[in-house]
Amino acid sequence: MPSPSSTKVVPISIASLVAMLLVGLLLMRMRADARTNQVALADSAKPVTVVRARASQFQPTRAYVGTLEPWIEAKIGPQFVAAYVDTVLVRPGAVVKKGAVLATLDCRSANATAQAIEMQARSLDAQQRALADEAHRVSSMLDGGFVSPTEAEGKTAQSEAKQADLLAAKAKLLDTSLAVNDCVLRAPFDGEVANRWLDPGAFVRPGEAIVSVVDRATVRYVADVPEDDFDAVPPGKSGALHVLASKQDLQATIARRAPSADPGTRTVRIEADISDPDRRIPVFTTGEFTIGVGEPKKAIELPLASATIRGQKAVVYVVANGVAKVTPLAYQGELGGSVFVEPNLAADALVVTEGRALLSDGDKVDAKIDEPAQEVRR
């Protein structure tokens with residue numbers, strides 16, 4: 001039989017285990033209760049990032065997309081003859097001087113015609129001089145009665161007719177010499193070759209271009225603006241010009257404005273001259289010209305991400321005493337990454353930029369001021 005002491009050990013062990021289990025459960029409950037947030041979520045401060053509002057000025061702007069054109073452009077080709085291209089001596093990018101030969105044409109036929117007309121003119125000149133001398137001698141014999149007046153007048157008429165034939169031949173020779181000269185195509189001014197359309201062996205007709213030459217020492221910005229902006233673009237108005245091709249930002253001044261609008265598009269042509277002695281601006285590319293309109297107005301500048309814009313209202317959250325308040329402000333405009341509003345807001349007011357999507361009017365916030373970003377903007 002088991003001893004009485006052994007029979008008491010089992011209940012005691014069970015009781016001890018149960019007690020330890022209860023104590024463990026109690027400790028776990030106390031630990032869980034300690035980690036439970038007893039504050040209502042609506043009463044807790046929401047973390048947000050804020051920036052300080054900055055006093056500034058705002059001026060409405062207009063941006064016009066136009067074309068950067070060369071000061072002078074010439075398309076070089078024959079104007080009088082049709083012939084085969086013999087040589088083309090330049091390619092795009094070549095720098096040429098005024099009078100430099102750019103291309104030649106095979107004008108053997110024109111040269112032969114010119115030579116034939118020149119010989120004919122020489123023959124007529126010799127005949128005319130002989131008739132003129134004969135007419136002079138016959139006229140000198142009138143006083144002695146050796147010839148009749150009719151004969152003398154006939155000789156003078158023959159000389160004058162031959163003189164007219166000679167002048168006609170010289171005029172034809174001049175016309176032919178123009179055609180011969182048209183076979184050698186030269187640069188009309190200092191510039192650069194922009195295009196080459198034909199190669200040797202091609203057949204070219206009058207008015208058809210072989211190469212083109214541009215002068216980029218001065219570049220013209222050309223744009224068509226709406227007729228409503230006629231008063232906004234007077235000659236002498238300056239603005240910022242952005243060259244899309246080369247990513248250049250330049251200052252430009254309107255040099256000319258058309259006095260009338262285009263009847264079809266109702267737009268007004270403006271031009272601005274940009275000096276470019278280094279020829280860095282590519283022509284026939286796109287430029288964006290931005291100018292200010294009206295007088296600058298006082299404004300408060302805020303990051304664009306801090307405002308919800310609807311119509312002419314910009315709604316922001318302003319933090320004061322740890323509370324975010326919805327503040328509607330009059331919208332003035334945007335520029336870059338900033339929005340400009342009426343100056344009814346204090347210059348150093350804290351405006352929410354990050355976390356505003358989870359806010360409601362009157363929420364408590366834990367604001368973190370984004371000072372470095374503000375310093376970068378300055």
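Keep in mind that what you see is a predicted model, and the values were worked out from it rather than measured.
Residues passing the ring-ring contact (aromatic ring centres under 6.0 Å, His included) test with Phe58 are Phe340, sequence neighbours excluded. With sequence neighbours excluded, the residues forming a ring-ring contact (aromatic ring centres under 6.0 Å, His included) with Phe289 are Tyr221, listed by chain and number.
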>> Please evaluate residues Thr104 and Thr87 with respect to the criterion side-chain hydrogen bond (donor to acceptor under 3.5 Å, both in side chains), reporting the C-alpha separation (whole Å), side-chain torsions for both, the decisive distance (0.1 Å), and the verdict.
In response: CA-CA 5 Å; Thr104 60; Thr87 60; 2.4 Å; yes

> So Val283 and Val219, side chain to side chain contact (heavy atoms under 4.5 Å, CB included) or not? Walk me through it.
Replying inline: CA-CA 7 Å; Val283 293; Val219 175; 4.3 Å; yes

>> side chain to side chain contact (heavy atoms under 4.5 Å, CB included), that's the test. Do Leu241 and Ile274 meet it? Break it down for me.
In response: CA-CA 10 Å; Leu241 176 64; Ile274 302 102; 3.7 Å; yes

> Step by step, would you call Val319 with Val352 a side chain to side chain contact (heavy atoms under 4.5 Å, CB included)?
Replying inline: CA-CA 7 Å; Val319 176; Val352 178; 3.5 Å; yes

> Going through the checks in order, is the side chain to side chain contact (heavy atoms under 4.5 Å, CB included) test met by Asp229 and Tyr64?
Replying inline: CA-CA 11 Å; Asp229 289 348; Tyr64 306 110; 2.8 Å; yes

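No option in Thr327, Val316, Leu329 other than Leu329 meets the side-chain contact (heavy atoms from CB on, under 4.5 Å) test with Val341.
Val365 and Val323 fall into different hydrophobic clusters, where Ile, Leu, Val, Met, Phe, Trp and Tyr are joined by side-chain heavy atoms under 4.5 Å apart, directly or via other members. Hydrophobic clustering, with ILVMFWY side chains joined whenever heavy atoms are under 4.5 angstrom apart, groups Val85 together with Leu102. Grouping the Ile, Leu, Val, Met, Phe, Trp and Tyr side chains by contacts below 4.5 angstrom, directly or via other members, places Trp71 apart from Ile254. Cluster annotation: Leu359 is connected to Val315 through the hydrophobic network of ILVMFWY side chains, with a link wherever side-chain heavy atoms come within less than 4.5 Å. Cluster annotation: Leu185 is connected to Leu198 through the hydrophobic network of ILVMFWY side chains, with a link wherever side-chain heavy atoms come within less than 4.5 Å.
Listed by first then second residue, pairs satisfying salt bridge (Lys or Arg N to Asp or Glu O under 4.0 Å) with a partner in residues 308-333 number zero, not counting sequence neighbours. For residues 11-21, the set of pairs meeting the salt bridge (Lys or Arg N to Asp or Glu O under 4.0 Å) definition, not counting sequence neighbours, is empty. Pairs of residues two or more places apart, or lying in two chains, that qualify as salt bridge (Lys or Arg N to Asp or Glu O under 4.0 Å) and include a residue from residues 183-201 are Glu192-Arg216, Glu192-Arg279, Arg196-Asp199.
Between Arg220 atom CZ and Glu271 atom CD the span is 4.5 Å, to the nearest 0.5 Å. Glu288 contributes atom CD, which lies 10.0 Å from atom OG1 of Thr286 (distance to the nearest 0.5 angstrom). One distance of note links CG of Asp276 with CD1 of Ile281; it measures 4.0 Å at 0.5 Å rounding. Taken from CG in Leu250 to CZ in Arg280, the straight-line distance is 8.0 Å, to the nearest 0.5 Å. Atom OG1 in Thr67 sits 8.5 Å away from atom CZ in Phe284 (nearest 0.5 Å). Taking CG of Asn195 as the reference point, atom NZ of Lys75 lies at 8.0 Å (rounded to 0.5 Å).
The closest donor-acceptor contact from the side chain of Ser338 to the backbone of Pro303 lies at 3.5 Å or more, if one exists at all. Although no hydrogens or angles enter the test, the distance criterion places no donor-acceptor pair under 3.5 Å between the side chain of Glu301 and the main chain of Val339. In terms of modelled atom types and a separation under 3.5 Å, the side chain of Asp215 and the main chain of Gly191 share no donor-acceptor contact. Without hydrogens or angle criteria, Asp363 side chain to Ser360 main chain gives a donor-acceptor distance under 3.5 Å. Arg257 contributes a side-chain N or O that, together with a main-chain N or O of Phe230, makes up a donor-acceptor pair within less than 3.5 Å. Between the Lys46 side chain and the Leu358 main chain, a donor and an acceptor come within less than 3.5 Å of each other.
The shortest side-chain heavy-atom distance between Trp197 and Val211 does not fall under the 4.5 Å cut-off. Residues Val233 and Ile291 are in side-chain contact: their nearest non-hydrogen atoms beyond the backbone lie under 4.5 Å apart. The shortest distance between side-chain heavy atoms of Leu244 and Val65 does not fall below 4.5 Å.
Cluster partners of Tyr84, using a side-chain heavy-atom cutoff of under 4.5 Å among ILVMFWY residues and allowing indirect links, are Phe203.
Contact record, Thr253 with Ala272: O-CB, 3.3 Å, taken as the closest heavy-atom pair. Contact detail for Gln59 and Val293: the closest heavy-atom pair is CG-O, 3.6 Å. For the residue pair Asp86 and Asp106, the shortest heavy atom distance occurs at CB-N, 3.9 Å.
Around atom CD of Glu295, no more than 12 heavy atoms belonging to other residues, nucleotides or ligands sit under 6.0 Å away. Heavy atoms of other residues, nucleotides or ligands lying less than 6.0 angstrom from NZ of Lys237 number more than 12.
A salt bridge is defined here as a Lys NZ or Arg NE, NH1 or NH2 lying under 4.0 Å from an Asp or Glu carboxylate O, and Asp262 with Arg269 fails to meet this definition. Here Asp273 pairs with Arg256 in a salt bridge; the nearest charged N to carboxylate O distance falls below 4.0 Å.
In this structure, a donor-acceptor pair under 3.5 Å is absent between the side chains of Ser275 and Thr218.
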